Amino acid sequence: MSKDASEAALASYEILIRSVGQGIREVHGNTTWESVQARAESLWHLYAVTTGLDWPQVAERVREAWRSAGEPGDKSQE
């Protein structure tokens with residue numbers, strides 16, 4: 001996938017990417033990213049075939065969605 005196509009795909013799938021990060025937070029609670037990153041990556045692999053976006057292309061956006069889904073003042077988000 002070309003860089004332009006990757007950027008367009010990222011924008012197109014932003015809701016899905018955000019949902020994965022938020023879903024990981026809902027299922028696993030307020031823990032550290034390091035403790036849930038492998039689960040998030042594993043979950044994303046289910047979507048990679050459909051979206052054409054590999055984990056490295058979405059990892060930071062999933063992490064940001066996970067972080068934003070935390071409780072206000074939650075120190076595990078750092």
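What you see is a predicted model; the values in this text were computed from it and never measured. Nothing fancy with the numbering, it's 1 onward along the sequence.
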Considering residues, nucleotides and ligands other than I15, do more than 12 of their heavy atoms fall under 6.0 Å from its CD1?
no
Do the side chain of S42 and the main chain of A38 share a donor and acceptor less than 3.5 angstrom apart?
no
Within the distance-only criterion (no hydrogens, no angle test), does the side chain of W44 pair as donor or acceptor with the backbone N or O of V62 below 3.5 angstrom?
no
Here the side-chain hydrogen bond (donor to acceptor under 3.5 Å, both in side chains) pairs for residues 11-24, sequence neighbours left out, are E14-R61
Okay, side chain of Q37, backbone of E34: is any donor-acceptor separation there less than 3.5 Å?
no
Who pairs with E26 by salt bridge (Lys or Arg N to Asp or Glu O under 4.0 Å), at least two apart in sequence or on another chain?
none
For residues L46 and L53: do they belong to one hydrophobic cluster (side chain heavy atoms under 4.5 Å, members Ile, Leu, Val, Met, Phe, Trp, Tyr)?
yes
NE2 (H45) and CG (D54) are apart, to the nearest 0.5 Å, by 8.0 Å
Closest heavy-atom contact between W33 and A59?
CZ2-O, 4.3 Å
Where is the tightest heavy-atom contact between I24 and W66, given as atom of each residue plus distance?
CG2-CD1, 3.9 Å
CG of L10 to OG1 of T51, rounded to nearest 0.5 Å, is 8.5 Å
Might you point out which heavy atoms bring I17 and A65 nearest each other, and give the distance in Å?
O-CB, 4.3 Å
